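These notes concern the structure reproduced below.
Basis for what follows: all heavy atoms, side chains included, without hydrogens, waters or symmetry-related copies. All values derive from a computational prediction rather than experimental measurement. Per chain, numbering begins at 1; letters A, B, ... match sequence-line order.
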There are 2 protein chains.
Amino acid sequence: MRIGLGQIEPQIGEMDKNLRNIRSILDQARENDVEILVLPELANSGYAFDSKSEAFESAERVDDGEFSHMLKDWSKNGRLIVSGLCERDDERIYNSAVVFAEGSHILTYRKVHLFNKEKLWFAPGTTEPPTFEHNDACFGVMVCWDWAFPEMARILALKGAQVILHPSNLVLPYCFDAMKIRSLENHLFTATCNRTGTERNLQFSGKSQFTSPKGEVLLSLGEGEPELGVLNINPSDADEKKLTPRNDVLADRKPEIYSRLTRSS
Amino acid sequence: MRIGLGQIEPQIGEMDKNLRNIRSILDQARENDVEILVLPELANSGYAFDSKSEAFESAERVDDGEFSHMLKDWSKNGRLIVSGLCERDDERIYNSAVVFAEGSHILTYRKVHLFNKEKLWFAPGTTEPPTFEHNDACFGVMVCWDWAFPEMARILALKGAQVILHPSNLVLPYCFDAMKIRSLENHLFTATCNRTGTERNLQFSGKSQFTSPKGEVLLSLGEGEPELGVLNINPSDADEKKLTPRNDVLADRKPEIYSRLTRSS
């Protein structure tokens with residue numbers, strides 16, 4: 001299975017240019033026979049909003065937005081795409097990830113753990129992160145800062161995810177090492193697609209990354225430039241959950257001991 | 001607060017020699033004004049048992065064992081010690097960590113997540129990992145392979161632990177990087193005390209490690225030799241849980257979304 005990370009550089013307030021750049025990376029991905037493509041968080045809108053109204057202006061509904069239509073269109077002919085999207089639903093906006101496959105909308109995940117000023121404009125998602133089946137593989141979706149909560153990758157693993165698709169806009173340095181541990185502790189692949197560039201003093205770090213079920217870095221992109229990274233993986237490599245003959249990273253869990261994790265404090 | 005890691009090299013079947021070596025590291029720690037000392041998992045017995053009866057032979061009760069008595073004695077005059085212990089309770093044995101302070105037994109934690117052949121001799125613990133207060137600081141305890149379950153460090157953080165004391169006998173290479181992430185995701189200190197040496201083809205990796213609430217390695221010991229590592233820390237540095245002005249690593253959790261984590265599958 002051929003997975004691509006479309007590391008791009010959107011800019012606030014330049015929606016037309018952003019869509020042109022996305023079109024270009026979509027074309028590259030198609031030419032490279034990418035079957036599954038991950039784009040960054042808020043891929044078409046840019047990230048560093050100054051106000052809720054500015055964020056609202058760049059938002060679209062999944063069912064009639066221009067960007068969503070572009071993604072849906074690309075997903076025809078056996079392809080699948082997940083991208084961050086500034087999503088509008090009536091008067092609320094969400095920092096969402098949308099999945100399209102075979103020309104259809106598969107699901108929308110609204111980011112649960114909002115980062116810093118995102119809390120000023122976005123409503124948080126209120127459901128656990130989703131998984132879906134595609135070409136006999138099981139994928140999970142989470143967005144950027146969800147990495148900081150081990151609960152999220154764990155939930156995806158418990159739901160059967162073999163590969164976590166992870167649109168991101170990273171400004172702190174910690175995520176890449178953390179995703180290696182998320183892979184290892186759940187024995188699954190992760191595909192973190194980050195963005196590059198600077199917006200209003202926020203520097204994004206690039207270095208989009210694939211990790212293996214053993215926590216190895218399989219591919220790490222450059223820091224500063226838009227770039228397409230492509231990797232062939234076998235998602236079923238994530239099915240073996242044993243780290244020793246007697247240790248299974250999921251079956252060895254003791255949920256009866258973890259009740260504190262679901263208590264509201 | 002001055003914390004020490006007593007990285008030693010016990011040997012199966014040489015209990016007297018093991019106790020002499022422990023006595024020596026206890027003396028060193030006292031001479032170095034260590035207030036809190038961590039020893040490895042199964043510090044007096046060695047690790048690589050061949051049979052349940054061999055493990056049973058090296059086990060002791062906390063209330064009348066020679067090793068426990070030595071630990072209790074060292075803890076007088078304001079000191080605290082946590083050590084791994086092959087613990088006997090009637091016909092069962094446990095891979096335990098015992099804590100003594102001020103000449104008293106504070107608590108015993110029985111390892112919940114047993115590693116590989118440990119499952120053949122030890123009964124697993126059935127309670128969540130414990131915390132305790134000492135000199136205005138809050139400590140948590142877990143043992144070795146518990147590191148692979150992010151649930152454990154998270155539970156300790158939710159119970160208020162500022163420092164995780166972590167007796168270990170490590171043979172796989174992953175724990176040190178994982179503990180950096182356990183520190184970061186919970187904003188607390190970790191003190192992993194590993195052992196060195198080889199037993200029956202098992203090579204232990206040394207490199208006992210302190211990490212900071214920011215996930216930095218504060219101290220890493222050598223790989224091959226017994227050694228005392230000492231560090232001064234301020235446990236209250238772990239009280240600030242904010243990674244950004246609007247993000248608190250614990251308060252931002254969404255327990256209402258995590259219910260899958262406590263379901264038996």
Side-chain angles (χ1 to χ4, degrees), chain A residues 112-120 124-129 145-159 171-175 177-182 184-187 214-215 242-247 249-265, chain B residues 112-120 124-129 145-159 171-175 177-182 184-187 214-215 242-247 249-265:
Chain A
V112 165
H113 301 95
L114 297 172
F115 184 75
N116 211 354
K117 289 189 177 177
E118 295 170 29
K119 293 186 176 188
L120 303 180
T126 55
T127 60
E128 67 176 13
W145 182 239
D146 286 331
W147 71 258
F149 299 83
E151 293 88 349
M152 296 298 272
R154 185 64 113 192
I155 287 169
L156 291 172
L158 290 170
K159 292 171 83 167
V171 293
L172 296 177
Y174 310 115
C175 173
D177 284 344
M179 291 307 288
K180 291 193 263 179
I181 304 302
R182 299 288 171 257
L184 178 73
E185 68 202 10
N186 295 298
H187 257 229
K214 291 182 177 166
K242 286 197 169 163
L243 258 170
T244 79
R246 294 176 186 81
N247 288 102
V249 296
L250 295 185
D252 281 359
R253 296 176 71 251
K254 301 289 175 82
E256 68 278 14
I257 289 175
Y258 305 154
S259 61
R260 188 175 298 267
L261 298 178
T262 56
R263 275 183 228 161
S264 45
S265 55
Chain B
V112 165
H113 301 95
L114 297 172
F115 183 76
N116 211 354
K117 289 189 178 177
E118 295 171 30
K119 294 187 178 190
L120 304 180
T126 56
T127 61
E128 67 176 14
W145 182 238
D146 286 331
W147 71 259
F149 300 83
E151 292 86 352
M152 297 298 272
R154 186 64 113 192
I155 288 169
L156 291 172
L158 291 169
K159 292 172 83 167
V171 293
L172 296 178
Y174 310 116
C175 173
D177 284 343
M179 291 307 288
K180 291 193 263 180
I181 303 303
R182 299 289 171 258
L184 178 74
E185 68 202 10
N186 296 297
H187 257 228
K214 290 182 178 167
K242 286 199 169 162
L243 257 170
T244 79
R246 294 175 186 82
N247 288 103
V249 296
L250 295 186
D252 281 0
R253 296 176 70 251
K254 302 289 176 81
E256 68 279 13
I257 289 175
Y258 306 154
S259 60
R260 189 175 297 267
L261 299 177
T262 55
R263 276 183 227 162
S264 45
S265 53

Specify the closest pair of heavy atoms between [X] and [Y], including all atoms of both residues, with the distance to one decimal.
{"X": "A/Lys254", "Y": "B/Val112", "value": "NZ-O, 3.2 Å"}
{"X": "B/Leu261", "Y": "A/Tyr258", "value": "O-CD1, 3.8 Å"}
{"X": "A/Glu185", "Y": "B/Ala148", "value": "CB-O, 3.8 Å"}
{"X": "A/Ile155", "Y": "B/Ile257", "value": "CD1-O, 3.8 Å"}
{"X": "A/Pro255", "Y": "B/Ser264", "value": "CG-CA, 4.0 Å"}
{"X": "B/Arg253", "Y": "A/His113", "value": "CA-NE2, 4.5 Å"}

- Task: Would you check, one step at a time, whether the test side-chain contact (heavy atoms from CB on, under 4.5 Å) holds for A/Arg182 with B/Ile181?
- Result: CA-CA 10 Å; A/Arg182 299 288 171 257; B/Ile181 303 303; 4.1 Å; yes

- Task: Apply side chain to side chain donor-acceptor pair (under 3.5 Å) to A/Lys159 and list each qualifying residue two or more places apart in sequence or on a separate chain.
- Result: A/Glu128

- Query: Partners of B/Lys180 by salt bridge (charged side-chain N to carboxylate O under 4.0 Å, His left out), sequence neighbours excluded?
  - Reply: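 Per chain and number, B/Lys180 pairs via salt bridge (charged side-chain N to carboxylate O under 4.0 Å, His left out) with B/Asp177.
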
- Quick one: which of A/Glu256, A/Lys214, A/Lys117 has the most heavy-atom pairs under 4.5 Å with chain B, could you say? A/Lys117

- Rounding to 0.5 Å, atoms CZ (A/Phe115) and CG (B/Leu243) come to a distance of 7.5 Å

- Task: Hey, could you give me the CG/CZ distance between B/Leu120 and A/Arg246, rounded to the nearest 0.5 Å?
- Result: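 Going from the CG atom of B/Leu120 to the CZ atom of A/Arg246 covers 4.5 Å.
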
- Message: As an exercise: rank B/Met152, B/Lys119, B/Arg154 by heavy-atom pairs under 4.5 Å with chain A and give me the winner.
- Response: B/Arg154

